[in-house]
Trainee: 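Would you mind keeping the following structure in view while I ask a few things?
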Amino acid sequence: MAPLIDMALLLIVFFVLVSQLGASDRVRMRLPQPTPSAARPPGREPRGVVNVMVQDGRIAGWRFAGQDHGADAAGLQAVAEAVAAAVRAQPTMELHLRADAGLPYADVAPAIDVIGRAAVRAADGKPVRLRVAVQPGGET
Amino acid sequence: MNEQAVLEALVRMRREPSPDAPATDAVLTPPNALDAPRMTTRGPRGMGMNLTPLIDVTFLILVFFVCTAQVLERETLLRADLSEQVGSVAVDALDLEEPPLRIEIRASSGRRTIAIVAPLPQPSDAADLTNVLASRRYGPENPGGLFAADQPIELAPAADVSWERAVEIFNAVTRAGYTRVRFASPS
């Protein structure tokens, strides 16, 4: 009986860890859904996921590496610094941008601009890959 | 003491367990245990390995991985270009880089919403944009094309254009075979 209980506890720990990783990486939102899509499945490269948080159709903040930041200029700058630090630590990192389909472009564009500049500077001339997350079908 | 004597002593010990021995040992060990051939995986103390829970757990883990893998594959990615978005990159004087082809996206419903800032046929929708750009892409199958596949293309959506519409146009340009597509910096 004891090995069975051990395995059950191990499974519980495993499920908890996996669910936490998934929750911090991918915020639930309605991603754009282009049809027919030219998007590709994610590769094996290390990735940093920038989530644009949305509330009532407007931007509510940013989330990167499990940390939430405000929607103001200071929050965006904090995200950019966090992204730059992550790119310095892992120069081959891909940046994945996740934003709700209903957001206006004006809310997403600053992220592409500021975070992109910070990442390219941190990579010291090496190419930084930005990927736009889309949804083949349904919600995440 | 020869081997036969040792064997007889062992058999006698089995048949006459000591009063201190646990009752389970006496029950689990038949009197002729040493004489019977060992046909099962039971050990000398009556303990065996039941593989059924292990197999159950293994199948559970297998089902979990299958479900998780399906969830992860549901999200796909469009490749965007960041190379031109930083001002501190050193510029090579001999680098004859083509200026980006600019595509503007507007949100108004009455007028044309996609505009290629170039003397090209103007598309009516995203599918038409794919056709226009694909027909101008240079390649072995289209030697008369105007643009190489690595021609920089810059998308400039208006501020009130939805992210979904911007990504739809981005996807249309990517489907036309161009590899260096980026969003314009907000003005």
Side-chain angles (χ1 to χ4, degrees), chain A residues 1 3-4 7-8 10-11 14-15 18 22 26 30-43 47 52 94-110 112-113 115-121 123 125 127-140, chain B residues 49-50 52-54 56-58 60-61 64-65 68 71-90 105 107 126-127 130 155-179 181-187:
Chain A
M1 199 64 184
L4 196 60
M7 283 304 294
L10 272 177
L11 278 177
F14 179 68
F15 281 129
V18 168
R26 295 182 176 183
R30 189 175 69 86
L31 292 173
Q33 196 176 330
T35 307
S37 177
R40 298 281 180 268
R47 65 180 183 183
V52 184
E94 279 188 355
L95 289 177
H96 294 187
L97 178 66
R98 301 180 79 251
D100 192 277
L103 278 174
Y105 177 70
D107 283 349
V108 185
I112 301 173
D113 190 48
I115 295 172
R117 286 173 187 272
V120 172
R121 272 197 298 270
V128 177
R129 287 162 289 192
L130 176 70
R131 303 285 187 260
V132 177
V134 298
Q135 188 73 18
E139 282 193 355
T140 53
Chain B
M49 177 181 281
N50 187 4
T52 309
L54 196 61
D56 288 347
V57 168
T58 306
L60 269 178
I61 294 174
F64 173 75
F65 277 125
T68 310
V71 168
L72 289 177
E73 282 178 3
R74 286 178 62 194
E75 189 169 306
T76 52
L77 303 163
L78 285 170
R79 178 183 173 177
D81 191 11
L82 280 178
S83 60
E84 301 293 325
Q85 294 193 350
V86 62
S88 61
V89 170
I105 309 166
T130 301
L155 299 185
D160 55 346
V161 168
S162 70
W163 178 239
E164 183 163 39
R165 177 68 171 159
V167 171
E168 182 190 7
I169 303 304
F170 191 103
N171 179 70
V173 177
T174 306
R175 282 186 60 225
Y178 293 90
T179 57
V181 190
R182 66 173 184 262
F183 287 104
S185 298
S187 56

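Note that these values count all heavy atoms, side chains included, but never hydrogens, waters or copies made by symmetry. Computed from a prediction, not measured in an experiment: that's the story for all the values here.
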Trainee: Do you know which two heavy atoms are closest between A101(A) and S162(B), and how far apart they sit?
Mentor: O-CB, 3.9 Å
Trainee: Does any heavy atom of chain B fall under 4.5 Å from the side chain of D100(A), the backbone, both, or neither of them?
Mentor: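 Looking at D100(A), just its backbone touches chain B.
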Trainee: Considering only heavy atoms and a distance below 4.5 Å, find which of A118(A), P32(A), G43(A) pairs most often with chain B.
Mentor: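 Highest number of pairs under 4.5 Å: P32(A).
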Trainee: Please classify the contact between I61(B) and chain A as side chain, backbone, both or neither, with a heavy-atom cut-off of under 4.5 Å.
Mentor: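 For I61(B), the side chain is the part near chain A, not the backbone.
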Trainee: A158(B) versus chain A, heavy atoms under 4.5 Å apart: side chain, backbone, both or neither?
Mentor: backbone
Trainee: Mind ranking R79(B), R165(B), E168(B) by heavy-atom pairs under 4.5 Å with chain A and telling me who comes out on top?
Mentor: R79(B)
Trainee: Which one wins on heavy-atom pair count under 4.5 Å against chain B: E94(A), R131(A), H96(A)?
Mentor: R131(A)
Trainee: Which heavy atom of A38(A) sits nearest to which heavy atom of L78(B), and what is that distance?
Mentor: C-CD2, 3.8 Å
Trainee: Run through N171(B), L77(B), T76(B) and flag the one making a side chain to side chain contact (heavy atoms under 4.5 Å, CB included) with V134(A).
Mentor: T76(B)
Trainee: Could you give the distance from CG (D107(A)) to CG (D160(B)), rounded to the nearest 0.5 Å?
Mentor: 11.5 Å
Trainee: In terms of relative ring orientation, are F183(B) and Y105(A) parallel, tilted or perpendicular, with 30° and 60° separating the classes?
Mentor: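 F183(B) and Y105(A): tilted rings.
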